[in-house]
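Below you'll find the structure, written out as structure tokens, and then a few comments.
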Amino acid sequence: MSTFHMIWNLQQRVTNKTIERYCHNCKKKVPFLDSGILRHNANGKNIYQFAIYKCPNGHTWNRKLDMYKAKTEISMDETKTEMNEHQPQAFSLLSLHKTGIKKVVISLENVEGKWRLDALLSQHIEDVSRSQIVQLIKEGKIAVDETVVKPKHFLRKDETITIIEKI
């Protein structure tokens, strides 16, 4: 069984950040509040990360946080593929299964703040809904340190999340 291995460092984002700027819809300078939602956009060979800010009237503005190069190919080892990430990156469980990977292992190197298992995975697995993740946890297909836990389990440093066989 092929395994895809990732190392994640979870850090809570400060979301009470306010920036005063001109809102094109309101036609005046207003405070924009960080919504705590991140957006990724791919443009050619670059991937951009944005924080979404909202004005009091609900209009949005995207603040560019980071830009990094897209990888054109990932070398697949028969037994283990490693990807060392400081921040968790979104991935497609279905795409991994199509390439023959049947097991995903996520090692939590550092955990700052409170992170629920079901919420974290629903934010980072692109093709599985939160309710499907809850069901997979209850079925034992998603485990923490090889133990079946509740979907609302709060993650801790040095724990390992294992995901086997999609539905």
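Among residues two or more places apart in sequence or in another chain, the side-chain hydrogen bond (donor to acceptor under 3.5 Å, both in side chains) test is passed with Ser131 by Ser129. Take Arg130 and apply the salt bridge (Lys or Arg N to Asp or Glu O under 4.0 Å) test, not counting sequence neighbours, and it matches Asp118. Residues meeting the ring pair (Phe, Tyr, Trp, His ring centres under 6.0 Å) test with His124, sequence neighbours left out: Trp8. Contacts of Arg39 classified as salt bridge (Lys or Arg N to Asp or Glu O under 4.0 Å), with partners at least two apart in sequence or in another chain: none. Qualifying side-chain contact (heavy atoms from CB on, under 4.5 Å) partners for Lys98, counting only residues two or more places apart in sequence or in other chains: Leu94. For the side-chain contact (heavy atoms from CB on, under 4.5 Å) test, residues two or more places apart in sequence or in another chain that qualify with Thr160 are Val105, Ser107, Asp145, Thr162. Ser95 is linked by a side-chain contact (heavy atoms from CB on, under 4.5 Å) to Ser92, counting only residues two or more places apart in sequence or in another chain. Residues meeting the side-chain hydrogen bond (donor to acceptor under 3.5 Å, both in side chains) test with Thr147, sequence neighbours left out: none. Tyr22 meets the side-chain contact (heavy atoms from CB on, under 4.5 Å) test with His24, Lys27; sequence neighbours excluded. Legend: residues meeting side-chain hydrogen bond (donor to acceptor under 3.5 Å, both in side chains) with Glu126, ordered by chain and number and at least two apart, are absent. With sequence neighbours left out, Asn25 forms a side-chain hydrogen bond (donor to acceptor under 3.5 Å, both in side chains) with no residue at all.
With hydrophobic clusters built from ILVMFWY side chains whose heavy atoms lie under 4.5 angstrom apart, Trp115 does not share a cluster with Val134.
A heavy-atom distance below 4.5 Å is not found between the side chains of Arg21 and Lys29. Put simply, the side chain of Phe91 reaches to within 4.5 Å of the side chain of Met6, judged on heavy atoms. Contact annotation: the side chain of Leu136 never approaches that of Ile163 to less than 4.5 Å [non-hydrogen atoms, C-beta and beyond]. The shortest distance between side-chain heavy atoms of Cys23 and Phe32 falls below 4.5 Å. Using a 4.5 Å heavy-atom threshold, the side chains of Tyr48 and His40 count as separate. At a threshold of 4.5 Å between non-hydrogen side-chain atoms, the residues Leu38 and Phe50 do not count as touching. Taking 4.5 Å as the limit, some side-chain heavy atom of Ile161 sits within range of a side-chain heavy atom of Ile142. Annotation: side chain of Leu117 is in contact with side chain of Val144 (closest heavy-atom distance under 4.5 Å).
Here the closest heavy-atom approach between residue Pro31 and residue Thr18 is recorded as CB-CG2, 3.6 Å.
Atom NE2 in His97 sits 9.0 Å away from atom CD1 in Ile101 (nearest 0.5 Å). Interatomic distance, Arg63 CZ to Leu65 CG, rounded to the nearest 0.5 Å: 6.5 Å. In this structure, CG in Asn62 is found 9.0 Å from CG in Asn41, a value given to the nearest 0.5 Å. Separation of atoms CG (Leu108) and CG (Leu10) is listed at 5.5 Å; rounding is to 0.5 Å.
A donor-acceptor contact shorter than 3.5 Å links the side chain of Asp127 to the backbone of Leu93. Between the side chain of Asp34 and the backbone N or O of Gly36, at least one donor-acceptor pair lies under 3.5 Å.
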Let me see the working for Leu121 and Ile106 under side chain to side chain contact (heavy atoms under 4.5 Å, CB included), right down to the final yes or no.
CA-CA 10 Å; Leu121 293 179; Ile106 303 167; 4.2 Å; yes

Under the side chain to side chain contact (heavy atoms under 4.5 Å, CB included) rule, what do Lys54 and Leu33 come out as? Steps first, then yes or no, please.
CA-CA 5 Å; Lys54 290 186 178 184; Leu33 181 66; 5.7 Å; no

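Atom CD of Glu20 has more than 12 heavy atoms from other residues, nucleotides or ligands within 6.0 Å.
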What pairs of donor and acceptor atoms, side-chain ones from residues 149-158 against any protein atom, are under 3.5 angstrom apart with sequence neighbours left out?
from	atom 1	to	atom 2	distance (Å)
His153	NE2	Glu159	OE1	3.4
His153	NE2	Glu159	OE2	3.3
Arg156	NH2	Glu159	OE2	3.3

